[in-house]
Each structure stands twice: as structure tokens, then as C-alpha cells.
Amino acid sequence: MELLLQTLLNGLLMSGVYALVATGLALSLGVVGIVNFAHGEFLMMGAFLSYLFFALQGLDPLFSLGLAFLAAFLVGGLVYQGLIRPVLPAPELNQMLLTFGLSILLQNLALLLFGADTRVVAPSYQAATLTLGPFFLGAVPLGAFMLSLGLLFLLQVFLTRSRLGLAMRAVAQNRLAPGLLGIEADQVYLLAFGLAAALAGVAGVMLSVILYASPTVGFIFTLKSFAIVALAGLGNLKGVVPAALVLALAEALVSTYLPGGGGLVEAVFFLVLFLALVGRAWRSP
Amino acid sequence: MKLQVEALETGYGKAQVLFGVDLEVAEGELVALLGANGAGKTTLLHTLSGLLRPWRGRALWDGQDLSGLSPAQRARLGIGHVPEGRQLFPLMTVEENLRLGAAFLAPGRDGEGFARVYALFPRLAERRRQLAGTLSGGEQQMLAIGRALMGFPKILLVDEPSLGLAPRLAEEVLLALKRVAEEGVGVLLVEQNAALSLEVASRAYVMEHGRLVLQGPAHALLEDPSIREAYLSL
């Protein structure tokens with residue numbers, strides 16, 4: 001029983017970061033309408049940024065969080081202006097090929113610059129744990145979980161309270177009307193894409209401590225995020241958090257209970273994606 | 001202020017839809033644009049609000065050429081458009097839809113706008129917390145008009161507001177538009193329901209195959225035998 005609860009607890013803590021990354025993907029999908037296979041690469045950049053500052057300057061990853069947010073927002077904005085915007089009127093396949101190509105390019109750039117090794121950012125508190133009765137909570141995963149939920153809450157406030165947030169939801173729900181209401185859709189797309197990248201960038205800093213930084217760390221999260229977004233319903237932001245929880249819990253259970261589970265964890269999202277798609281097909285014949 | 005259309009031609013791809021349309025609407029008047037399905041009425045409205053580029057000819061707003069302005073820029077000049085099919089934000093509440101109407105066109109005037117829209121359509125006030133997608137057809141049409149009014153347009157282009165509505169509701173919506181015009185907004189009303197439109201309009205144009213074939217005061221058109229036969233089936 002204790003093992004089960006500890007497992008669920010681990011899954012719960014991981015779900016925050018998953019939700020953060022997947023929310024970014026859902027934003028670019030729902031608002032901009034682009035299938036961004038390079039989403040995880042923003043995360044990878046955040047992770048390496050955290051690693052570089054830590055290794056070269058001894059900068060605590062806590063400070064890298066803000067820097068990664070800004071840097072990823074900037075890079076996301078540039079990617080939108082330079083690559084995404086010109087391809088928006090093109091067929092979806094062209095868009096997907098572009099983002100897929102960008103993903104491969106960025107991964108190989110990282111490989112060239114940093115090599116294939118996994119790099120961990122290990123501040124003094126990395127292994128700190130809190131004990132809660134019979135359970136152990138990693139301080140870093142707990143902090144990442146709280147921070148992710150905090151950021152998602154702020155995003156929710158932005159989307160419901162602010163003018164630009166409202167515009168962002170509007171663009172996601174209707175393509176024709178926003179222009180007639182004085183909203184320049186293109187600027188909203190730019191903001192949404194930058195924000196999506198920024199969320200991934202912040203998550204990357206967290207993962208540089210919880211997991212590691214490596215050229216391919218982002219792509220795994222792109223795939224996991226797709227599974228989460230498919231489970232939540234394409235473009236449905238509210239469904240992302242519960243869907244992220246489902247994936248994280250499933251992974252935790254597999255890693256604890258399945259013999260050789262550690263190696264199978266990275267396949268769980270395929271199962272989730274498969275079941276989500278089958279479930280959808282059954283529900284809407 | 002006046003919206004003037006001069007020798008406007010446009011179409012989609014190679015298919016020409018409008019063949020030289022001249023028309024004008026001034027503030028405070030309700031002008032009906034009648035015509036059968038496919039005559040080019042919606043195409044004209046799309047060209048006026050910048051959703052479609054003109055091939056030749058131009059639209060002038062208060063003497064200023066609108067060519068090259070985006071829909072958002074035209075909206076900021078005071079050209080409101082209630083598009084065909086209402087185009088609401090279905091997952092937002094009535095109030096959020098209305099707030100969006102004001103957010104970028106009349107920031108800070110929400111209070112005034114809400115009062116105006118809820119006075120015009122009291123039913124929307126009752127439904128303010130309801131999701132737009134769950135409203136009835138008539139309520140959705142009211143919301144679409146209300147949302148456009150939240151931006152305090154000087155000219156309002158309204159595309160087939162009576163489409164799919166029960167006769168009583170259609171009349172309610174068109175009478176509301178008449179009140180909007182009486183408050184000083186110019187309304188260009190595109191309709192297939194000629195009888196009802198000519199009741200509320202002061203002037204009207206009739207469009208056939210991308211050309212304006214008739215125009216005049218609404219009461220005169222109501223008496224016109226060709227109109228009575230073709231559009232009023234009398």
C-alpha cells in the first residue's frame with residue numbers, strides 16, 4: 001500500500017512539468033493552428049541554458065528559470081516570424097515537415113555544440129528530500145510541481161482576465177471574427193507561439209535538475225506532449241492538466257510494478273496515445 | 001460620415017463575382033441590399049471589411065481610400081461587420097463575447113457598451129453567464145450584433161441576420177437594427193427576406209449576378225411590380 005501511494009505521489013509530482021510542456025504545445029496547436037514537432041527543442045534549449053549558466057557561472061537554476069523564459073520567448077518569436085508565419089497558408093503537411101525539420105536541425109546543432117552526453121545540473125539541494133510520514137518527496141520535483149502549477153494558474157488568469165488573453169482564446173475559437181473586432185491575428189499568433197516556447201523553456205530548466213540536459217531530451221517531451229494533448233482533446237487547454245496527470249501516473253505505475261519497468265516507461269505514452277485515439281474513435285463514430 | 005463604393009469588382013480565383021458595384025451608406029440610415037442566393041451580397045461585405053481584396057474599384061470611408069487596410073484597421077476606423085453565420089466564440093460566455101467586441105475597438109467603454117446592448121436585447125442580459133454556443137439561433141444573432149455594437153461602429157454591415165430565424169424573431173432582430181440606425185449608426189443590411197427588410201429600411205439596392213439592378217427609397221421598391229413579383233412573391 002505504501003509503495004502504491006509513494007508511486008502515485010511520484011507520478012503526481014511529475015505531472016506538473018508534463019502539463020507545463022503540453023500546455024505550450026496545446027497553445028501553438030489551438031491558437032496558431034500549427035503542429036509543432038520542434039516544441040520539445042525549446043525545452044532542450046532551456047535545459048542547456050540552465051546547464052551552461054550552472055557549469056560556467058555557478059548560477060543557481062532558480063535564476064535560470066526567468067532567463068530561460070525570456071530566451072525561449074524570444075527564440076519562439078523569431079521562429080514564428082521567420083519560419084512559421086510564411087508557412088501558415090501552406091498545406092498542413094508542409095507545416096509539419098517544416099517543424100519536423102527544425103526539430104532535427106536543432107537537435108543536431110545541440111549535438112555538435114554539446115556532444116551526446118547527458119548533463120545534469122546538480123545544485124546543493126538537488127538530492128534533498130522531505131519526509132511526510134512514511135513517504136519521501138524530492139525537494140526539486142516538489143518545487144517544480146508547485147512552480148508549474150503556479151505558472152499554469154498565471155496563464156489561466158492571463159487567458160481569462162486580460163485583453164490579449166481573451167484575444168488569444170478568441171483566435172482559437174474562430175478565425176474570421178477576431179479581425180472584424182480589431183484584433184490583428186498575426187500579432188496574437190506571435191505572442192502565443194512565444195509563450196508556448198517560453199513555457200517549454202522554463203520546463204527545460206526544471207528538467208535539467210530533475211532529469212538531465214541532452215540533445216534528444218526535448219524530442220521525448222514533444223512526443224509525450226502529443227499524447228497528453230490528444231488525450232485532452234486537440235487545443236483543449238483545460239483538459240491538459242488531467243491528461244498530464246494520467247500519463248505521469250501511468251508512467252510511475254509502470255516503472256514501479258512492471259518487471260524491467262524502467263526501460264518501458266518511455267513507451268507508456270504510445271499506449272496512452274493509442275488508447276486516447278481509440279477512445280475518441282469510439283465516442284464519435 | 002459616409003461609406004462609398006465605386007465601381008467595385010472582385011471574385012475568387014478566376015471566378016468574377018462583382019461586376020462594378022456603386023453604392024453608399026451614410027451614418028444614421030438603414031440601407032437594405034437585397035438579392036437572391038449567390039448574387040454577390042456577402043462577397044461585397046467581405047470586400048468592404050477587408051476580408052477579400054478588390055480587383056478593381058475602391059471603397060471610400062469619409063473620403064479615405066480603404067485599399068490595403070487590414071480588417072482590424074478598418075474595424076478601428078468604425079466599420080463594424082456582423083458576418084454570415086454569426087461567427088461567435090462558442091466556448092466563451094455571452095459577456096466574454098461582448099467584452100471582446102469592445103476590448104480592441106473601444107477599450108474603457110465596456111460599461112457604456114453593455115448598457116447599450118442589454119437595452120437593445122434584454123434577453124442577452126439574462127443569458128450573460130451562458131456559453132455562446134448553447135444559445136438559440138435568435139439569441140446568437142442578437143449576440144453577434146451586440147458584439148459588433150460593443151466596438152461603437154459608425155457603419156454596421158449585417159449579413160443575413162434573419163437567416164434560420166422564426167418570423168417573429170427575425171422581425172425582432174430587424175427592428176433592433178432599425179433602432180441602431182435611429183441612434184446614428186449607418187446600417188447596411190444584406191437580406192434575402194425582402195418584405196421584412198423593406199419595412200425597416202429607408203433605402204434599398206437590389207443585386208443580381210454581381211450587379212446592382214435597382215435602387216431607390218424602400219417604399220418605392222415595395223410598390224415596384226418587378227420587385228413584388230421576383231422578391232415578394234405577390
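Every chain is numbered from 1 and lettered A, B, ... according to where its sequence line falls, protein lines coming before strand lines.
- By the neighbour-count criterion of 12 heavy atoms within 6.0 Å, atom CZ of Phe153(A) is sparsely surrounded, having that number or fewer from other residues, nucleotides or ligands.
- From Arg99(B), atom CZ reaches atom CG of Leu181(A) across 13.5 Å, with rounding to the nearest 0.5 Å.
- Heavy atoms of Pro153(B) lying under 4.5 Å from chain A are absent altogether.
- The environment of CZ in Phe158(A) is crowded: more than 12 heavy-atom neighbours from other residues, nucleotides or ligands sit within 6.0 Å.
- With a 4.5 angstrom heavy-atom cutoff, Arg74(B) does not touch chain A via any of its atoms.
- Between chain A and the options Ala148(B), Gly85(B), Ser49(B), Pro90(B), heavy-atom pairs under 4.5 Å are most frequent for Pro90(B).
- We find the CG-CZ distance between Leu180(A) and Phe104(B) to be 14.0 Å, quoted to the nearest 0.5 Å.
- More than 12 heavy atoms of other residues, nucleotides or ligands shown are found within 6.0 angstrom of CD on Gln16(B).
- Within the 3.5 Å criterion, the main-chain N or O of Leu91(B) finds a donor-acceptor partner in the side chain of Gln173(A).
- Highest contact tally toward chain A, considering only His81(B), Glu96(B), Met92(B), is held by Met92(B) [criterion: heavy-atom pairs under 4.5 Å].
- Residues Leu100(B) and Ile183(A) approach most closely at CD2-CD1, 3.8 Å, considering heavy atoms.
- By the neighbour-count criterion of 12 heavy atoms within 6.0 Å, atom OH of Tyr118(B) is densely surrounded, having more than that number from other residues, nucleotides or ligands.
- Among all heavy-atom pairs drawn from Ala72(B) and Gly182(A), the shortest one is CB-C, 3.6 Å.
- Interface remark: Ala172(A) contributes no atoms to any contact with chain B (heavy atom separation under 4.5 Å).
- Contact annotation for Leu51(B): only side-chain heavy atoms (C-beta onward) come within less than 4.5 Å of a heavy atom of chain A.
- Here the CZ-CG distance, from Arg86(B) to Asn174(A), works out to 13.0 Å after rounding to the nearest 0.5 Å.
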